[in-house]
There are 2 protein chains.
Amino acid sequence: MRASDRAYATLLEEIQLGALAPGTVVGEAAQAERIGVSRTPMREAIGRLVADGLITQLSPRVLAVSGFDADDIRDLFAARRALEEASARLAARRGDRASFAALAAAFSAARPETGEASADAYYALIQRFDAEVDAAADNAYLTQALRTIRTHLVRARRLARDHPDRLRASVAEHALIADAIASGDAELAAHATHVHLHHALAAILDSIDHQADRSASQKGTA
Amino acid sequence: MRASDRAYATLLEEIQLGALAPGTVVGEAAQAERIGVSRTPMREAIGRLVADGLITQLSPRVLAVSGFDADDIRDLFAARRALEEASARLAARRGDRASFAALAAAFSAARPETGEASADAYYALIQRFDAEVDAAADNAYLTQALRTIRTHLVRARRLARDHPDRLRASVAEHALIADAIASGDAELAAHATHVHLHHALAAILDSIDHQADRSASQKGTA
DNA sequence: TGAGCGTATTATGTATACATTGTGAGGATG
DNA sequence: CATCCTCACAATGTATACATAATACGCTCA
């Protein structure tokens, strides 16, 4: 593996998980020494993260981890909705019906609320679903744009916490989208995607609000 | 200006204008010497172009200018439609009505078919319109995705040729979108954008077909 | 004669030294 | 006392030398 890839993967994960908090200043030399690569590959890694939007240029000379708040999440979902609705439509028109029927069945069988292992399996299933939609839509420009969106989405998911009710609903929503694509119903696929993202966004914002409440009351009792 | 920016700008323009034809192998050392920078900034420039999708990795060791054909243009417009419809909707909801009313008036007054100078002025007006829609939509994720799309769009425009009839129609389409945004009609703004992009795509594909015909007949008579 | 392997070549990947420039601290001046 | 200018420092930007690995060529063997 190339040193620049290692540096990129390391910083990406740290930013996505919040280990590198928003606002943290990212210096080439400092990060290079910390990760154990020289400045050249670190420079390349930072450049990619800037292109992704995870690192922002504050002044001509100082880079920092980008901020990420509820407003960003709303904007992120607006862009995601546009792109995934388009993808779903295309997938419904061009996709292989059998594989989406199989995905629909897999979603219907999923029980992500029954433990951590099944939750992980469910997230893997969603990832497979996304990949198959991308492949079916067969549009490099959409896929590329969605790749960036998903990179940011990881940060949003980390701020929230999925509850059993939400997971059950998510299963049903995905099953409907997969069914719609399998039956070639582009409009239903797009609108079901819209509905799904609406609920997903609401759940994330709700979860963040509750956590804010909790930490506020913790402060109050401290 | 930084050497890496100069290298990026130079290569970008050459690819967009077709001076570097699709399929041309891009080697760090060769391009660095040609442009007159060292390998380090050239490497950074090439990395950015790869991220943009204008340069593709053919094998682990060889990079080449990406291909760009009619199918790419169709895919590009599918992604563009998704993003610009979403932007138009947001702009209609959040945008400043006065500035879009002014843009609508500017479009109504435009006469791009009356000469090269007025055509250039018209393209500048479209650029201003795009910038104001971006600002009104106020969504960094959409804007970023559109930036990439527009980078590719330059290549599509170069393959085509706008005719007076198309320019006149384009003026009217833009005026309608601006009007819709100015009046806060999100649905009309989105659908007018859809219509506009439909016609723009048709015109480009039509123009390419005719050029193909022409070059075919030229070959025949040669 | 063709296919497969080994080696030479040449490209990329990395490290580091050097150049350049933004930034901040300190002092001088109004 | 505040503000502006200057200078020093530290970071980024660039060039280049070195390490590494992929590719292509040629040789050998079947």
Side-chain angles (χ1 to χ4, degrees), chain A residues 1-15 19-68 140 144 147-148 151, chain B residues 1-15 19-68 140 144 147-148 151:
Chain A
M1 196 187 197
R2 298 188 308 180
S4 63
D5 290 338
R6 228 180 47 232
Y8 175 76
T10 304
L11 284 183
L12 174 63
E13 190 180 331
E14 289 178 344
I15 294 174
L20 275 180
T24 305
V25 171
V26 181
E28 274 178 29
Q31 295 303 318
E33 190 181 3
R34 189 173 68 87
I35 309 281
V37 300
S38 78
R39 274 185 56 214
T40 304
M42 177 52 74
R43 190 182 174 73
E44 183 177 323
I46 291 176
R48 288 167 66 183
L49 290 164
V50 169
D52 288 341
L54 291 173
I55 289 181
T56 308
Q57 192 154 24
L58 294 184
S59 73
R61 205 72 166 243
V62 51
L63 300 172
V65 177
S66 306
F68 195 72
Q144 175 54 31
R147 192 205 133 267
T148 304
T151 300
Chain B
M1 196 186 196
R2 297 188 310 180
S4 63
D5 290 337
R6 229 179 46 233
Y8 176 75
T10 303
L11 284 182
L12 174 63
E13 190 180 331
E14 289 178 344
I15 294 174
L20 274 180
T24 304
V25 171
V26 181
E28 274 179 29
Q31 296 302 321
E33 190 181 3
R34 189 172 68 87
I35 310 282
V37 300
S38 79
R39 273 184 57 213
T40 305
M42 177 53 73
R43 189 182 175 74
E44 184 177 323
I46 290 176
R48 288 168 65 185
L49 289 164
V50 170
D52 288 340
L54 291 173
I55 289 181
T56 308
Q57 194 154 23
L58 294 185
S59 73
R61 204 70 167 246
V62 52
L63 300 171
V65 177
S66 306
F68 195 71
Q144 176 54 30
R147 192 204 132 268
T148 304
T151 300

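To find a chain, count down the sequence lines: A is the first, B the second, and so on, and within it residues start at 1.
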> With sequence neighbours left out, what residues match Glu33(B) under side-chain contact (heavy atoms from CB on, under 4.5 Å)?
none

> Search all heavy atoms of Ala64(A) against all heavy atoms of Gly23(A) and return the closest pair with its distance.
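Heavy-atom minimum between the residues: CB-O, 3.7 Å.
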
> Using only side-chain N and O atoms of Ser59(A), determine if any of them is under 4.0 Å from OP1 or OP2 of dG22(C).
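Ser59(A) to dG22(C) OP1/OP2: no side-chain N or O under 4.0 Å.
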
> Looking at residues at least two apart in the chain, or sitting in another chain, which of them share a side chain to side chain donor-acceptor pair (under 3.5 Å) with Arg34(A)?
Glu14(A), Gln31(A)

> What are the two closest non-hydrogen atoms of Met1(A) and Asp5(A), and how far apart are they?
CE-CB, 3.9 Å

> Counting primed atoms plus P, OP1 and OP2 as sugar-phosphate and everything else as base, spell out the protein contacts along nucleotides 4-13 of chain C at 4.0 Å heavy-atom distance: B, S or - for each nucleotide, 5' to 3'.
-------BBB

> Can you find a heavy atom in the side chain of Ile15(A) that is under 4.5 Å from one in the side chain of Thr24(A)?
no

> List, one per line, each side-chain donor-acceptor pair under 3.5 Å for residues 52-60 of chain B, sequence neighbours excluded.
| residue | atom | partner | partner atom | Å |
| --- | --- | --- | --- | --- |
| Asp52(B) | OD2 | Tyr8(B) | OH | 2.5 |
| Thr56(B) | OG1 | Ser66(B) | OG | 2.5 |
| Gln57(B) | NE2 | Pro60(B) | O | 3.3 |

> In Å, rounded to the nearest 0.5 Å, how long is the span from CD of Glu44(B) to CG of Leu49(B)?
11.0 Å

> Considering all heavy atoms of both residues, which atom of Leu20(B) and which atom of Val65(B) are nearest to each other, and what is their separation?
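Nearest heavy atoms, Leu20(B) then Val65(B): O-CG1, 3.9 Å.
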
> Please report the shortest heavy-atom distance between Pro22(B) and Gly67(B), naming the atom on each side.
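The pair with the smallest heavy-atom distance is CB-CA, 3.8 Å.
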
> In residues 35-42 of chain B, what donor-acceptor pairs under 3.5 Å come from side-chain atoms, sequence neighbours left out?
| residue | atom | partner | partner atom | Å |
| --- | --- | --- | --- | --- |
| Arg39(B) | NE | Glu28(B) | OE1 | 2.9 |
| Arg39(B) | NH2 | Glu28(B) | OE1 | 3.0 |

> Going by heavy atoms closer than 4.0 Å, what residues in residues 5-12 of chain A are next to DNA chain D?
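Those residues: none at all.
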
> Extract, from 5' to 3' on DNA chain D, the first and final nucleotides lying under 4.0 angstrom from some heavy atom of chain B.
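So the contact region on DNA chain D extends dG13(D) to dT23(D).
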
